[in-house]
*Asks:* 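If you scroll down you'll find the structure; I have some questions about it.
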There are 2 protein chains.
Amino acid sequence: MTPNLDSQITERLALDGLRFTRGRREVVEALLASDGPMSANELSDVLGDGVPLSSIYRSLAILTDAHILTVHLATKGLARYELSEWLVGHHHHLVCTECGSVEDIHVSASHEERLREVVDAVASVASFIPSSHALEIDGRCAQCQ
Amino acid sequence: MTPNLDSQITERLALDGLRFTRGRREVVEALLASDGPMSANELSDVLGDGVPLSSIYRSLAILTDAHILTVHLATKGLARYELSEWLVGHHHHLVCTECGSVEDIHVSASHEERLREVVDAVASVASFIPSSHALEIDGRCAQCQ
DNA sequence: CCTATAATGATAATGGTTATCGTTATTGAA
DNA sequence: TTCAATAACGATAACCATTATCATTATAGG
């Protein structure tokens with residue numbers, strides 16, 4: 001993890017009187033190494049016995065409350081988490097309807113501009129104040145073809 | 001429910017040797033009357049004791065398997081269902097981060113065209129074969145401002 | 001009318017997630 | 001450094017949406 005990212009998270013947690021402990025750091029580092037959101041169980045598989053499942057769940061809840069993680073709910077009955085966009089940049093998701101995997105994707109600035117126009121137009125009609133948006137594309141991933 | 005929609009669903013179910021029974025029809029009609037996806041519990045509240053919760057759950061599973069309903073997972077630990085797009089048209093979602101409600105929205109043809117361009121461009125780069133897409137906009141709904 | 005099969009409804013079981021609680025670690029003040 | 005006060009931890013129990021079970025009922029076709 002870059003020193004910059006580390007201090008960003010540490011400072012954000014401090015705002016709520018929280019600490020960036022080893023268990024929480026391990027969760028963040030595992031998510032950082034992943035190319036998509038991970039569930040509590042998937043994190044547990046990666047982190048092993050060093051970080052108990054109950055602690056993973058609590059860390060996920062606390063980090064999400066502190067806006068360091070964002071929850072993603074593509075698969076039924078399974079919450080997956082990833083670093084929030086203010087830490088790792090804006091992106092969208094490719095959701096494989098075959099294997100359930102979720103892949104992060106970035107779109108070009110010009111495409112992103114088009115998306116934002118659509119978002120703003122649609123939200124204003126509904127008197128809705130948008131805070132974020134994501135394009136979710138369902139289909140078959142490269143592995144499942 | 002229009003006779004046309006009714007026969008579309010009846011015929012689709014018949015393909016799998018399934019019947020469009022009263023319980024399933026009540027679920028479909030409640031979803032049709034709603035302006036957004038509904039959970040099993042929300043359906044139970046609307047339908048009352050006439051349709052037991054266990055039957056609602058099974059109807060939702062069967063109708064989803066038959067591609068008559070589509071599941072939507074914006075709220076943690078809660079699956080909401082709505083009529084599939086081939087029955088009611090393509091649309092997107094406004095998800096209120098305050099109250100958890102989900103509202104269907106339609107975008108203009110020109111805006112939809114822009115979205116499709118972005119989807120196609122992004123998917124091809126990732127060797128992903130898109131089957132559907134949805135723009136999900138998070139924010140505050142008109143009631144929660 | 002009869003039989004095979006679909007559908008139902010009450011209930012039990014499942015599984016991801018959350019809450020509890022006693023213990024441990026860390027921070028800030030004296 | 002020592003001493004609270006509070007945050008964090010870890011094992012376990014509880015929760016709750018959802019799914020499976022199974023005996024009963026309804027429907028369609030021969």
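Throughout, a chain's letter reflects where its sequence line sits, starting with A, and its residues are numbered from 1.
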*Asks:* Output the rounded distance in Å from CG (A:L47) to P (D:dC9).
*Replies:* 13 Å
*Asks:* Applying side chain to side chain donor-acceptor pair (under 3.5 Å), name anything that partners A:H67, two or more places apart in sequence or on another chain.
*Replies:* none
*Asks:* Let me know the distance between CG of B:L63 and C1' of D:dT19, rounded to the nearest Å.
*Replies:* 16 Å
*Asks:* Counting only side-chain nitrogens and oxygens, does A:S55 get under 4.0 Å of the OP1 or OP2 atom of D:dG10?
*Replies:* yes
*Asks:* Who pairs with A:R25 by salt bridge (charged side-chain N to carboxylate O under 4.0 Å, His left out), at least two apart in sequence or on another chain?
*Replies:* A:D6
*Asks:* Can you list the residues that meet the side chain to side chain donor-acceptor pair (under 3.5 Å) rule with B:H91, with sequence neighbours excluded?
*Replies:* B:E82
*Asks:* Mind checking who shares a hydrophobic cluster with B:I137, ILVMFWY linked at side-chain heavy-atom distances under 4.5 Å?
*Replies:* A:L94, A:I105, A:V107, A:L115, A:V118, A:V119, A:V122, A:F128, A:L135, A:I137, B:L94, B:I105, B:V107, B:L115, B:V118, B:V119, B:V122, B:F128, B:L135
*Asks:* Holding to side chain to side chain donor-acceptor pair (under 3.5 Å), I want the full list of residues that pass it with A:E112, two or more places apart in sequence or in another chain.
*Replies:* A:H90, A:H92, A:H133
*Asks:* Can you see which heavy atom on B:V95 is nearest to which on B:H72, and at what distance?
*Replies:* CG2-CE1, 4.5 Å
*Asks:* Got a sec, which residues hit side chain to side chain donor-acceptor pair (under 3.5 Å) with B:R80, two or more places apart in sequence or on another chain?
*Replies:* B:E42, B:T75
*Asks:* Identify the heavy atoms of B:R22 and B:V51 that sit nearest to each other, and give their distance.
*Replies:* NH1-CG2, 4.2 Å
*Asks:* My understanding is that a hydrophobic cluster links ILVMFWY residues whose side chain heavy atoms are under 4.5 Å apart, including indirect links. Using that, what else belongs to the cluster containing A:L15?
*Replies:* none
*Asks:* Which ILVMFWY residues are connected to A:L78, directly or by a chain of links, through side-chain heavy atoms under 4.5 Å apart?
*Replies:* none
*Asks:* Which nucleotide of DNA chain C is the first, and which the last, in the 5' to 3' direction, to come under 4.0 Å of a heavy atom belonging to chain B?
*Replies:* C:dA6 to C:dT18
*Asks:* Using the 3.5 Å cut-off, write out each protein N or O paired with an N or O of nucleotides 3-8 of chain D and the distance between them.
*Replies:*
unit_1: D:dA8; atom_1: OP1; unit_2: A:R19; atom_2: N; d: 2.7
unit_1: D:dA8; atom_1: OP1; unit_2: A:R24; atom_2: NH1; d: 2.5
unit_1: D:dA8; atom_1: OP2; unit_2: A:R24; atom_2: NH2; d: 3.4
unit_1: D:dA8; atom_1: O5'; unit_2: A:R24; atom_2: NH2; d: 3.3

*Asks:* Please answer whether the main-chain N or O of A:S55 pairs with a side-chain N or O of A:S59 as donor and acceptor at a distance below 3.5 Å.
*Replies:* yes
*Asks:* Any heavy-atom pair between the side chains of A:W86 and A:Q8 that's under 4.5 Å?
*Replies:* yes
*Asks:* Extract from the structure each pairing of a protein N or O with an N or O of nucleotides 15-18 of chain D at less than 3.5 Å, listing the distance.
*Replies:*
unit_1: D:dA17; atom_1: O3'; unit_2: B:G77; atom_2: O; d: 3.4
unit_1: D:dT18; atom_1: OP1; unit_2: B:A79; atom_2: N; d: 2.7
unit_1: D:dT18; atom_1: OP2; unit_2: B:Y57; atom_2: OH; d: 2.7

*Asks:* Using five base pairs at each end, measure the axis-to-axis angle across the helix from C:dC1-D:dG30 to C:dA30-D:dT1 and round it to 10 degrees.
*Replies:* 30°
*Asks:* In terms of heavy-atom contacts, does CG of A:D49 have more than 12 from other residues, nucleotides or ligands at under 6.0 Å?
*Replies:* no
